[in-house]
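For clarity, every value in this text was computed on a predicted model and none was experimentally measured. In listed order, ligands and their atoms are each counted from 1.
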Amino acid sequence: MKYPSRVKLVDVGPRDGLQNEKSPVPAAVKIELVHRLQDAGLREIEVTSFVSPKWVPQMADAAEVMAGIQRKPGVRYSVLTPNMKGFEAAVSPPRELWPDEIVVFAAASEAFSQRNINCSIAESIERFQPVVEAARANNIHVRGAISCTVGCPYEGDIAPGRVEMVARLLKGIGVQHIGIADTIGVGTPLKVQRAMEAGLKHFDINDVSGHFHDTYGQALSNTLVCLEMGVWQFDTSSAGLGGCPYAKGATGNVATEDVVYLLQGMGIETGIDLDKLIDAGKFISDYLERKPNSRAATALLNKRMN
Ligand code: HMG
Ligand code: MG
């Protein structure tokens with residue numbers, strides 16, 4: 001079996017991880033988390049979302065967080081922008097505060113699209129089109145997330161053909177990279193493989209990533225099957241933080257610590273210092289007064305104490 005020799009992890013903890021927290025997390029804490037993640041060697045961090053504060057109050061401080069980060073050369077900072085209003089807010093400050101990448105987020109399920117972004121899949125593509133054009137005209141990289149690629153909390157199983165259709169539509173409007181998301185963590189390896197293959201019909205292997213929530217404990221297996229396909233980019237969340245406000249009961253993304261431990265054990269390069277990463281996860285978990293939701297972090301923290 002030939003695995004990629006190098007993997008890029010995008011830590012989505014500050015965004016996907018924190019968006020669902022009930023009590024407001026101060027901007028300073030989010031900024032500190034970003035700083036710790038970049039110091040641990042993360043080369044891409046999904047920082048925040050420019051979405052309606054009525055829908056996702058936790059992300060209301062998006063501009064403040066973006067302005068407060070001391071950027072590290074070589075790190076890509078991404079944000080979610082579902083429409084022109086969000087994009088304009090992301091690029092209203094001076095250029096040095098702009099995101100390097102924006103994420104438009106579609107779904108392979110009509111019901112989820114309606115609940116998450118209040119429009120149909122077709123309408124979402126229409127809304128994204130000017131956002132993608134404006135971003136690319138300004139040299140901002142564009143990623144598209146596809147939610148519910150194997151299962152939907154409202155529609156149940158999702159056929160790979162739906163994923164292929166949304167991937168084709170996103171490609172058609174100029175999206176440069178797609179993330180195949182298992183929003184509610186119901187996927188198992190063969191289903192995830194089929195969803196990934198559907199995305200790969202329209203995007204190159206270098207332009208796809210896996211985004212696996214770990215609700216059913218399958219995310220590491222799903223990551224492994226994608227590695228076997230040659231996929232080398234994954235979204236992961238520090239300390240396994242998170243969940244989506246429109247996917248009740250779904251837990252966070254697979255913990256960055258667990259994926260780094262897996263990759264290190266396989267001799268795959270990530271550029272990430274696991275000890276510093278564990279400290280970053282512990283920092284935010286301590287703030288939230290809970291234990292890191294990562295088996296590897298828990299084991300290594302226990303080992304430190306003995
Ligand atoms: P809408 O209500 O259809 O939009 O929301 P609208 O254009 O009719 O505007 C309604 C109000 O929202 C107006 O304010 C707008 O100004 C405001 P009002 O006049 O009522 O005071 N508004 C905004 N405010 C700030 N920023 C904006 C913005 N747009 C409109 N960008 C919208 C449409 C998409 C904005 C809304 O549905 C929304 O914000 N949804 C939240 C979506 C979200 O953040 N979901 C979680 C992230 S996605 C995710 O977690 C999945 C992912 O991880 C992959 C996976 O795991 O599946 C990526
Ligand atoms: Mg997600």
Side-chain angles (χ1 to χ4, degrees), residues 10-21 46-63 66 78-92 99 101-109 111-121 123-128 130-131 134 143-155 158 162-163 166 170 175 177-187 192 195 199 209-215 219 222 234-238 240-256:
V10 178
D11 199 296
V12 298
R15 193 283 300 172
D16 204 338
L18 294 179
Q19 69 183 6
N20 210 24
E21 283 299 324
E46 200 170 274
V47 176
T48 186
S49 302
F50 286 87
V51 295
S52 163
K54 286 185 194 144
W55 286 62
V56 187
Q58 189 62 257
M59 297 286 111
D61 58 4
M66 286 301 282
S78 46
V79 303
L80 269 56
T81 56
N83 54 17
M84 277 310 283
K85 190 173 169 82
F87 179 77
E88 279 159 7
V91 299
S92 71
E101 180 181 67
I102 54 129
V103 185
V104 291
F105 44 107
S109 142
F112 189 81
S113 182
Q114 287 291 352
R115 303 275 180 124
N116 193 35
I117 50 175
N118 204 24
C119 63
S120 68
I121 296 171
E123 285 163 344
S124 75
I125 300 294
E126 276 173 34
R127 284 186 190 179
F128 298 154
V131 178
R143 185 150 51 90
I146 309 181
S147 288
C148 299
T149 59
V150 286
C152 165
Y154 314 108
E155 290 184 12
I158 298 292
R162 309 283 306 167
V163 181
V166 179
L170 290 174
V175 167
H177 176 116
I178 49 164
I180 298 293
D182 181 8
T183 312
I184 52 172
V186 289
V192 165
S209 51
H211 176 109
F212 306 133
H213 287 260
D214 201 24
T215 319
N222 295 337
F234 298 92
D235 295 351
T236 59
S237 179
S238 168
L241 294 171
C244 173
Y246 303 101
K248 212 164 177 270
T251 64
N253 291 81
V254 64
T256 312

What one should report as the nearest heavy-atom pair of Ser49 and Ala62 is O-CB, 3.4 Å

Between Ser237 and Gly17 the two heavy atoms that sit nearest each other are OG-CA, 4.0 Å

Proximal atoms of ligand 1 relative to [X] (non-hydrogen, under 4.0 Å):
| X | result |
| --- | --- |
| Gly86 | 31 (N) |
| Val56 | 41 (C), 43 (C), 44 (O) |
| Arg127 | 3 (O), 33 (C) |
| Pro53 | 24 (N), 25 (C) |
| Phe50 | 26 (N), 27 (C), 31 (N) |
| Ala181 | 54 (C), 55 (C), 56 (O), 57 (O) |
| Ser147 | 51 (C), 54 (C), 55 (C), 57 (O) |

Mode of [X] contact toward ligand 1 - side chain, backbone, both, neither (heavy atoms, under 4.0 Å):
| X | answer |
| --- | --- |
| Ser49 | neither |
| Asn116 | both |
| Glu88 | neither |
| Asp16 | side chain |
| Gln19 | side chain |
| Val51 | both |
| Gln114 | neither |

Kindly identify the option in [options] whose heavy atom sits closest to [atom].
| atom | options | answer |
| --- | --- | --- |
| atom 31 (N) of ligand 1 | Asn253, Asn83, Val104, Asp235 | Asn83 |
| atom 23 (C) of ligand 1 | Gln58, Met59, Lys85 | Lys85 |
| atom 52 (C) of ligand 1 | Arg15, Met84, Glu123, Arg115 | Arg15 |
| atom 1 (P) of ligand 1 | Val103, Ile146, Asn118 | Asn118 |

My understanding is that only residues two or more places apart in sequence, or in another chain, count here; which of them pass side-chain hydrogen bond (donor to acceptor under 3.5 Å, both in side chains) with Ser147?
none

So, using side-chain hydrogen bond (donor to acceptor under 3.5 Å, both in side chains) as the criterion, who are the partners of Ser52 when residues are at least two apart?
none

Contact check: His213 vs ligand 1, nitrogen or oxygen atoms, below 3.5 angstrom
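Yes; the residue has a nitrogen or oxygen that sits under 3.5 Å from a nitrogen or oxygen of the ligand.
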
Any side-chain donor paired with an acceptor under 3.5 Å for [X] and [Y]?
| X | Y | answer |
| --- | --- | --- |
| Asn253 | His211 | yes |
| Ser209 | His177 | yes |
| Thr256 | Asp11 | yes |

Among the N, O or S atoms of Asp16, the one nearest the Mg ion (ligand 2)
OD2

Tell me, which N, O or S atom in His213 is closest to the Mg ion (ligand 2)?
NE2

Take Ile102 and Leu80 through the test side-chain contact (heavy atoms from CB on, under 4.5 Å) and record every step on the way to the result.
CA-CA 6 Å; Ile102 54 129; Leu80 269 56; over 6 Å; no

N-O pairing of Arg15 and Asp235 below 4.0 Å:
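Salt bridge absent between Arg15 and Asp235.
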
I'd like to know if Arg162 pairs up with Glu155 as an ion pair, taking the criterion as any Lys NZ or Arg NE/NH1/NH2 lying under 4.0 Å from an Asp or Glu carboxylate oxygen.
no

Taking atom CZ of Phe112 and atom OH of Tyr154, what is their separation to the nearest 0.5 Å?
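The OH atom of Tyr154 is 6.5 Å from CZ of Phe112, to the nearest 0.5 Å.
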
From CG (Asn20) to CG (Leu241), nearest 0.5 Å
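These two atoms lie 11.0 Å from each other.
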
Let me know which of Val10, Val104, Ile178 forms a side chain to side chain contact (heavy atoms under 4.5 Å, CB included) with Arg143.
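For Arg143, the side chain to side chain contact (heavy atoms under 4.5 Å, CB included) test succeeds with only one of Val10, Val104, Ile178, which is Val10.
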
Can you find a non-hydrogen atom of Lys54 under 4.0 Å from ligand 1?
yes

Any heavy atom of Ala250 sitting closer than 4.0 Å to ligand 1?
no

Could you please spell out the steps behind the side-chain contact (heavy atoms from CB on, under 4.5 Å) verdict for Phe234 and Asn222?
CA-CA 11 Å; Phe234 298 92; Asn222 295 337; over 6 Å; no

